[in-house]
Amino acid sequence: MRLQSAIFDMDGTLLDSMPTWRELGPTFLKEAGISATPEQDRMLHTFILAVQILKGKTEEAPNAFPMKPVWTTEQIMDEIIRRMEDFYTHRVQPKPGLEKFLSILKMEGVWMYVATATHRRLAEKALKTAGIDHYFRGIVTSADAGNHKSESADIYEMAMRRLQSNKRDTVVFEDALHAIRTAKAAGFRVAGVYEATAEQDQPEIQRLCDYYIRSYEELVQSETF
């Protein structure tokens, strides 16, 4: 894996945080007094759908959750931030073997940046709690880029410019299939990082990526990077 600079997604790539994000949707529905069927549970693969349900907007599945609006968008977002801030401040952990990998990259002179959809204040807290904030030269968020990773590679382009690098010498580390597709379409080399909450996406991720990391522990032990 030849690289001079690296751009890392945060949740699911650096941090073992995706299970907590995935639990938010079902938790909100339960607290709103909504009992989801097994089929509906399977639909809650993203928190966005849970937000739509709570707002009474169910274009993706208009007949699945017939109900009136429960919470306002502002109430939902405030509660997301409150719960995730508590998690990021007290409990979040890096993925196993990650810190050793980052320390090797830093020792070899690789410049690193974080590119995340998470709010900057929360991301800063999370990286500090996990004890890995000092490895990165900075953070760029989807808000900074003005769009989501599913829509554009602007966030990676912005991070690359700040690293004073180019696509030939840069590797993007991502766990999410939609983000991997975007980065690949923009001409980046991509290392797919295994995430258990996205088990169904792993075959396609392996097919698309230039590199595939089942675990950082195995990667460090194999010394193949």
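Worth knowing before you read on, the calculation uses all heavy atoms, side chains too, and leaves out hydrogens, waters and symmetry mates.
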Return the minimal non-hydrogen interatomic distance between [X] and [Y], and the atom names on each side.
| X | Y | answer |
| --- | --- | --- |
| Val92 | Ala126 | CG1-O, 3.7 Å |
| Leu219 | Ser222 | O-OG, 2.9 Å |
| Gly131 | His134 | O-CE1, 3.1 Å |
| Gln200 | Pro203 | O-CD, 3.7 Å |

Could you tell me if the side chain of [Y] sits less than 4.5 Å from the side chain of [X], heavy atoms only?
| X | Y | result |
| --- | --- | --- |
| Leu127 | Leu14 | yes |
| Leu3 | Asp169 | no |
| Glu85 | Lys125 | yes |
| Ile132 | Leu15 | yes |
| Met18 | Asp175 | yes |
| Trp21 | Thr197 | no |

side-chain contact (heavy atoms from CB on, under 4.5 Å) evaluation trace for Phe8 with Leu102: CA-CA 11 Å; Phe8 285 86; Leu102 295 179; 3.8 Å; yes
Donor + acceptor pair across side chains of Gln202, Tyr212 (<3.5 Å):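 The criterion, which ignores hydrogens and geometry beyond distance, is satisfied for Tyr212 and Gln202.
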Donor on one side chain, acceptor on other, Asp144 and Thr141, under 3.5 Å: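 Note: Asp144 and Thr141 side chains meet the donor-acceptor criterion.
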Output yes when a side-chain donor or acceptor of [X] lies under 3.5 Å from a complementary backbone atom of [Y], and no otherwise.
| X | Y | result |
| --- | --- | --- |
| Thr182 | His178 | yes |
| Thr13 | Met10 | no |
| Thr129 | Tyr88 | yes |
| Asp11 | Ser17 | no |
| Arg120 | Ile139 | yes |

Same cluster or not: are [X] and [Y] linked, directly or through other Ile, Leu, Val, Met, Phe, Trp or Tyr residues, by side-chain heavy atoms under 4.5 angstrom apart?
| X | Y | answer |
| --- | --- | --- |
| Val190 | Leu105 | no |
| Ile205 | Val171 | no |
| Ile180 | Tyr211 | no |
| Phe173 | Ile7 | no |
| Val110 | Tyr156 | no |

Derivation and outcome, side chain to side chain donor-acceptor pair (under 3.5 Å), residues Glu199 and Tyr194: CA-CA 8 Å; Glu199 186 69 48; Tyr194 174 77; 2.4 Å; yes
Within 45° cone and under 6.0 Å: Lys167 NZ/CZ vs Phe188 ring: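 Here Lys167 passes the 6.0 Å and 45° test against Phe188.
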Supply the atom-to-atom distance [X] [atom1] to [Y] [atom2], rounded to the nearest 0.5 angstrom.
| X | Y | atom1 | atom2 | value |
| --- | --- | --- | --- | --- |
| Glu157 | Thr170 | CD | OG1 | 9.5 Å |
| Lys106 | Glu108 | NZ | CD | 13.5 Å |
| Tyr135 | Phe101 | OH | CZ | 12.0 Å |
| Gln4 | Trp111 | CD | CH2 | 10.5 Å |
| Asp133 | Glu124 | CG | CD | 9.5 Å |
| Arg162 | Ser5 | CZ | OG | 14.0 Å |

side-chain contact (heavy atoms from CB on, under 4.5 Å) between Leu208 and Leu177, worked out: CA-CA 9 Å; Leu208 287 174; Leu177 179 56; 3.8 Å; yes
Residues Glu204 and Arg207 bridged, charged N to O under 4.0 Å: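 Between Arg207 and Glu204 there is a salt bridge, with a charged N closer than 4.0 Å to a carboxylate O.
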Cationic N near anionic O, under 4.0 Å, Lys95 to Glu195: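 So Lys95 pairs with Glu195 through a salt bridge.
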Check: Phe136 ring centroid to Tyr113 ring centroid under 6.0 Å: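 No.
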Worked check of side-chain contact (heavy atoms from CB on, under 4.5 Å) between Val114 and Asp9: CA-CA 6 Å; Val114 174; Asp9 168 60; over 6 Å; no
Side chain to side chain contact (heavy atoms under 4.5 Å, CB included) partner of Glu151, chosen from Asn147, Asp154, Ile155: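 Answer to the side chain to side chain contact (heavy atoms under 4.5 Å, CB included) test with Glu151 among Asn147, Asp154, Ile155: Asn147.
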side-chain contact (heavy atoms from CB on, under 4.5 Å) between Thr20 and Met84, worked out: CA-CA 8 Å; Thr20 300; Met84 291 309 298; 3.8 Å; yes
Identified salt bridge (Lys or Arg N to Asp or Glu O under 4.0 Å) counterpart of Glu174 within the set Lys184, Lys149, Arg189, Arg181: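 Of the listed residues Lys184, Lys149, Arg189, Arg181, the salt bridge (Lys or Arg N to Asp or Glu O under 4.0 Å) partner of Glu174 is Lys149.
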